[in-house]
Every structure is written in structure tokens, then in C-alpha cells.
Amino acid sequence: MTGRTPPRRSAAFIAATALVASMGLAACGSDDSAGGTPTLTWYINPDVGNADPSAAKGGQAYLAKRCADGSKGKYKIKVQLLPNDASDQRLQLLRRLAAGDKTMDIMSVDPAFATEFAAADYYAPVPDNLQAQFKQDRVQSSVDASMYKDKLVSVPFWANTQLLWYKKSVAQKAGLDPQNKPVTWDQLIEAAKKTNTQIGVQAKLYEGYAVWINALITSAGGAIVENPGETYDNLKLGIDSAAGKKAADIIRKVATSGVAGPAIGSSTETESLGLFDGRNGGFLVNWPYTYGALANTDKKDVGAALYPRVSAGEESKPPYGGIQLAVGKESKHADLAYQAISCITNQENQTIYMTKSGNPASRKKVFDDAGVEKAFPGGIAKLIRENLDNAAPRPLTQYWGDISLALQQRFSPPGALTPQTPASTQKYIGEVLNGKALL
């Protein structure tokens, strides 16, 4: 395989660079050419208020204004809103990074793609004098997601993990006590059938579906990639395994048992939340923002528990998510960008962000704040903190983009999965990574 181009530069990468070459990129750059205050551009993922700092106190746009105002004229921060879907966020960032865009001052990067960007050498180095600060008081899963080849290449911003949300009245009727006795997926399916309610999951062809597949495989004791630090030609996949078959079986059961709503194949976090918040909602796996987003459900009837188990005797490995902050290699203001990131991720701002946006902090001490406990009452804040210690990230490999797309395609439609699905999926991914098949 000597001379082969690593598949990192495959479907999405080639499409991105071709688009860059054909259409160019609109500049969003600094307006400091005349010697004025440097303006940093921060590419943010959607949250409360989105790109309007006045729309909702506590979102990323609000933190941008807060830190810029507190810099005493050192810098301004302009936010650019990324798409809602993580896969689309990846492609938009990739296009700009591949084109050497100099406005990539600060990026909110999904941890699933942080390794890919680091491997492509798209990041400006984290200053030595800030590395200890950026690791201090962080949950370990967020630090791990920010590393590449034993170096800190991005900064933990907020850390995330999924919980099992349930209506207490429904669980009681079904004879379950998820808060005190962890439940399995089979128990949830039977409980939903017994109570004529529904289970919210994410199974649309997007990154959220890959999150569910990964959580099921890791909770069954397996791994999608067994040696994620290796190059594509030495990568060892673990999908064709007992854990992979168990994951496929659970997805099929959820899809075919009539408990996943009318359109499981179109369900994202938003649709599954709506399903749970409706009259027939009973159970849901989703991120902590769920509690604050409920509009139709009596919150006194809402409980949270550990992520469902695959097997009764084996602890679950809930999904790890969140956002890392990174600075583009071609940024004209990398030093100022890292100063801004230091402000954005300090304890006070992470506390504001968690209480107002519903997205958990990567700093441990934030969970002890009275405001956080008020925003996530009934022990939910403590549960999130505990789950972050057990959370399993998606494989930290630079090839995750291709692996994720292949997983989504071959594990679809959810109701048609068979015991052979993991084997055929693993074979297909191997062919894609080695340039023998296209996504």
C-alpha cells in the first residue's frame, strides 16, 4: 500500500476541497486592517440565542460578548452560526480549514471530529503556559477528547452525556424504578408495550444514530474501533462481534415493537424529545438539555436515571458528547483566540452556560453551584456528573467521519437489521478505508 493516500482525504474531504476550489469562501474575517481592535471570529454550534447575544443570556454568543467586553479592548468577538447537524458542522469547518481560511480564530468542534482535524494539522498549538489551566478541574472524558498523540490540541468547553429520561407515572405503572435499579433495553421495550407508551431514540441517518450504535456496542463490552490511534491500513474494527450483534438486535427490537413512534428512521434529538413530551411519551434517551426543553409535560413527573444497560449484569457506557474549542492553524490572532478561550471556559462562564443553555460544564466544580442544582433539580446534576465519569466517547480516530457515515448507511433501515448486519458493515467500512468502496 505504499504511496496510497490515507482515506482521511476521501469522500467528505475531496468534496470539501472541490467545493472550496470551485466556489471560494466568503470572508468573515477580522476588521482590523486599519489598525483597529482585532475581531476574532467564533464559529459556534446552535444553542440558546444562537448568534444573537441579546436573545438569551447564557449562550455562546452571550459568552462571546461577555469576554470581549471584559478584555478591555484587546479584542472583539464575532460569532458565525454553524448548522444544527453535527455532520454538517464538520463539513463546513472542513471546507474552511482545507482552504486555509484565516478567520478560523475559534471553533466549536464536536469531539467526534476533533481528532480528524488534529491529524490533518489544522489546529494552532495550545500555548504551553495555558495547557495546565485548560486541564484543571475538567472531567477526564473531556480532557481525553481534547488530546491527540499525547498532546492537548483543543480545549474542553462543555461536556455532555445522555441519560434515560422517564415519566415516573409510566415507570410505576410498568413496575420499574430506574432511579434506584438500572434497567435494560429489553425491560424498557416491555415497559413501553405494557403501558402503551413510546421510547424516544435517535435513528435518522445522521451523527446521532452513530452515537446510539456506539453506545450500544460499548455498553455490550465491545468497541467499534479497537485501536483508534492506528493508521487506516492497521485499523482493527470490532463491529463484527457479539457486542455488535447485540446492538443490532436491540435497534431492530425497538424499531419493530411499535414503541418508537411512527417514524424512527427520521428521529433526531428534536423529534425524540417531542415524542417524549407528548401524550404517549414514556421513556427517552437524550442529552441533559431535555429537562429545560420540556414544554407539555409536568416536570414533577419527570425522572432521570443511568443510561439503559444492554445486559442486566453489565454497566452501561453512556454516550459522551459536548464541544471542544479549537483555534485554526491559519488564524491571524491565535494568541488572542486562546486568551478568549481562557475567558469562555473559566468557572464563572461555564456555570452561566450550564444553567442557561442546559449544556453541562466540563469543569467539575460547576456541578456544586446552587444555580446548577436549581436548574437540574432532584439529583439530576449529580447524575450528569456521575455519568460523565462512565461516558464512552466515539472512537478517537481521524477516520471517524467515514466510519460514522458507513455505520449509518449499513445499519439502516433500523427495522431491517439482522445478525449478519455487523459483519457486512465491518466489511464495507474496511473497503471504504482502503479505497475499495465509496460512501
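All residue numbers refer to positions in the sequence shown, counting from 1.
Side-chain atoms of Glu230 never come within 3.5 Å of backbone atoms of Lys236 as a donor-acceptor pair (strictly under, hydrogens ignored). The closest donor-acceptor contact from the side chain of Ser241 to the backbone of Gly238 lies under 3.5 Å. Here the side chain of Ser219 pairs a donor or acceptor atom with the backbone of Ala215 at under 3.5 angstrom. A donor-acceptor pair under 3.5 Å links the side-chain atoms of Asn214 to the main chain of Pro393, judged by distance alone. Looking at Thr345, its side chain never comes within 3.5 Å of a backbone N or O of Phe157 through a donor-acceptor pair. Judged by distance alone, the side chain of Thr197 and the main-chain N or O of Gly281 form no donor-acceptor pair under 3.5 Å. Judged by distance alone, with hydrogens and angles left aside, the side-chain atoms of Asn160 form no donor-acceptor pair with the main-chain N or O of Tyr320 at under 3.5 Å. Side chain of Ser267 to backbone of Ile264: no donor-acceptor contact under 3.5 angstrom is found. Side-chain atoms of Gln187 come within 3.5 Å of backbone N or O of Thr184 as a donor-acceptor pair. Side-chain atoms of Asn227 come within 3.5 Å of backbone N or O of Asn234 as a donor-acceptor pair.
No side-chain donor from either of Thr268 and Gln202 sits under 3.5 Å from a side-chain acceptor of the other. At a cut-off of 3.5 Å, with distance as the only test, a side-chain donor of Trp42 or Ser108 sits close to an acceptor on the other residue. In summary, the side chains of Asp105 and Ser331 do present a donor paired with an acceptor at a separation below 3.5 Å, with no hydrogens or angles considered. There is no side-chain donor-acceptor pair under 3.5 Å between Gln347 and Asp369. A side-chain N or O of Thr103 and one of Asp101 form a donor-acceptor pair less than 3.5 Å apart. For the residue pair Glu207 and Ser404, a side-chain donor N or O sits within less than 3.5 Å of a side-chain acceptor on the partner. With no hydrogens or angles considered, no side-chain donor-acceptor pair links Tyr166 and Gln172 at under 3.5 Å. Donor-acceptor pairing under 3.5 Å is recorded for the side chains of Asp301 and Ser169.
Put simply, CG on Leu93 and CZ on Phe113 are 10.0 Å apart, with the number rounded to the nearest 0.5 Å. Atom-to-atom distance recorded for Leu91:CG and Gln89:CD is 11.0 Å, nearest 0.5 angstrom. Separating the OG1 atom in Thr270 from the CG atom in Asn84 is a distance of 6.0 Å, to the nearest 0.5 Å. If you take CD on Glu314 and NZ on Lys246, they are separated by 11.0 Å, rounding to the nearest 0.5 Å. Atoms CG and CZ, on Leu205 and Phe411 in that order, are 12.5 Å from each other to the nearest 0.5 Å. Note that OG of Ser141 is 7.0 Å distant from CG of Asp389, once rounded to the nearest 0.5 Å.
Considering Ile323, Leu81, Leu63, Ile106 as possible partners of Ile44, the one that fulfils the side-chain contact (heavy atoms from CB on, under 4.5 Å) test is Leu81.
In plain terms, the two heavy atoms of Pro319 and Val211 that are nearest each other are CB-CG1, 3.4 Å. Looking at every heavy atom in both residues, Phe276 comes nearest to Trp165 through CE1-O, 3.9 Å. For the pair Ile217 and Ala223, the tightest heavy-atom approach, listed with the atom from each and the gap, is CG2-N, 3.6 Å. Nearest heavy-atom pair across Phe283 and Ala192 is CE1-N, 4.1 Å. Listed here is the closest heavy atom pair of Ala145 and Ala114: O-CB, 4.2 Å. In plain terms, the two heavy atoms of Lys317 and Asn390 that are nearest each other are CD-O, 3.5 Å.
Ion pairing between a basic and an acidic side chain is recognised when a charged N comes within 4.0 Å of a carboxylate O; Asp277 and Lys167 show no such pairing. Remark: Arg363 does not engage Glu348 in a salt bridge, criterion side-chain N to carboxylate O under 4.0 Å. Salt-bridge formation is detected for the pair Lys329/Asp121: a Lys NZ or Arg NE/NH1/NH2 atom is positioned less than 4.0 Å from an Asp or Glu carboxylate oxygen. Of the charged side-chain nitrogens involved, none lies within less than 4.0 Å of a carboxylate oxygen, so that Lys204 and Glu271 do not count as a salt-bridged pair.
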- For side chain to side chain donor-acceptor pair (under 3.5 Å), just list the numbers for Asp144 and Gln140, CA-CA rounded to whole Å, side-chain angles, deciding distance to a tenth of an Å, and then say yes or no. CA-CA 6 Å; Asp144 292 344; Gln140 189 58 46; 2.8 Å; yes

- From CA spacing to verdict: side chain to side chain donor-acceptor pair (under 3.5 Å), Asp47, Ser357: CA-CA 7 Å; Asp47 61 11; Ser357 74; 5.6 Å; no

- Task: I would like to know whether Thr115 and Thr397 meet side chain to side chain contact (heavy atoms under 4.5 Å, CB included); could you show each step before the answer?
- Result: CA-CA 6 Å; Thr115 303; Thr397 170; 5.6 Å; no

- Item | Trace of the side chain to side chain contact (heavy atoms under 4.5 Å, CB included) decision for Lys382 with Phe367 | CA-CA 7 Å; Lys382 181 181 178 182; Phe367 290 86; over 6 Å; no

- Begin with the C-alpha distance, continue with both residues' side-chain angles, and end with the deciding distance and a verdict on side chain to side chain donor-acceptor pair (under 3.5 Å) for Gln324 and Ser146. CA-CA 7 Å; Gln324 322 301 121; Ser146 301; 2.5 Å; yes

- Query: Are Asp177 and Asn180 close enough, and set up right, to give a side chain to side chain donor-acceptor pair (under 3.5 Å), and what steps lead you there?
  - Reply: CA-CA 6 Å; Asp177 184 14; Asn180 296 305; 2.9 Å; yes

- Item | side chain to side chain contact (heavy atoms under 4.5 Å, CB included) evaluation trace for Asn286 with Tyr291 | CA-CA 10 Å; Asn286 212 335; Tyr291 187 80; over 6 Å; no

- Message: For Arg66 and Asn349: C-alpha separation, side-chain torsions, deciding distance, then whether side chain to side chain contact (heavy atoms under 4.5 Å, CB included) applies.
- Response: CA-CA 9 Å; Arg66 180 179 170 87; Asn349 283 331; 2.5 Å; yes

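Using the six-membered ring where Trp is involved, Tyr353 and Trp158 have ring planes that are tilted, between 30° and 60° apart. Relative orientation of the Tyr399 and Tyr232 rings is perpendicular, given thresholds of 30° and 60° on the angle between their planes. Classification of the Tyr338-Phe134 ring pair by plane angle, with boundaries at 30° and 60°, yields tilted.
For Lys299, the NZ atom sits in a packed shell: over 12 heavy atoms of surrounding residues, nucleotides or ligands are nearer than 6.0 Å.
Counting heavy atoms from C-beta on, the side chains of Ile251 and Tyr209 come closer than 4.5 Å. With contacts defined as side-chain heavy-atom distances shorter than 4.5 Å, the pair Gln60/Asn45 qualifies. Side-chain contact between Cys67 and Tyr62: absent, with no pair of heavy atoms (C-beta onward) separated by less than 4.5 Å. No side-chain heavy atom of Glu330 sits under 4.5 Å from any side-chain heavy atom of Met104. Leu237 is not listed as a side-chain neighbour of Thr425, based on a closest heavy-atom distance of 4.5 Å or more. Here the side chains of Phe376 and Pro360 are not in contact, with every heavy-atom distance at 4.5 Å or above. Counting only heavy atoms from C-beta outward, the side chains of Ile199 and Val201 approach each other to under 4.5 Å.
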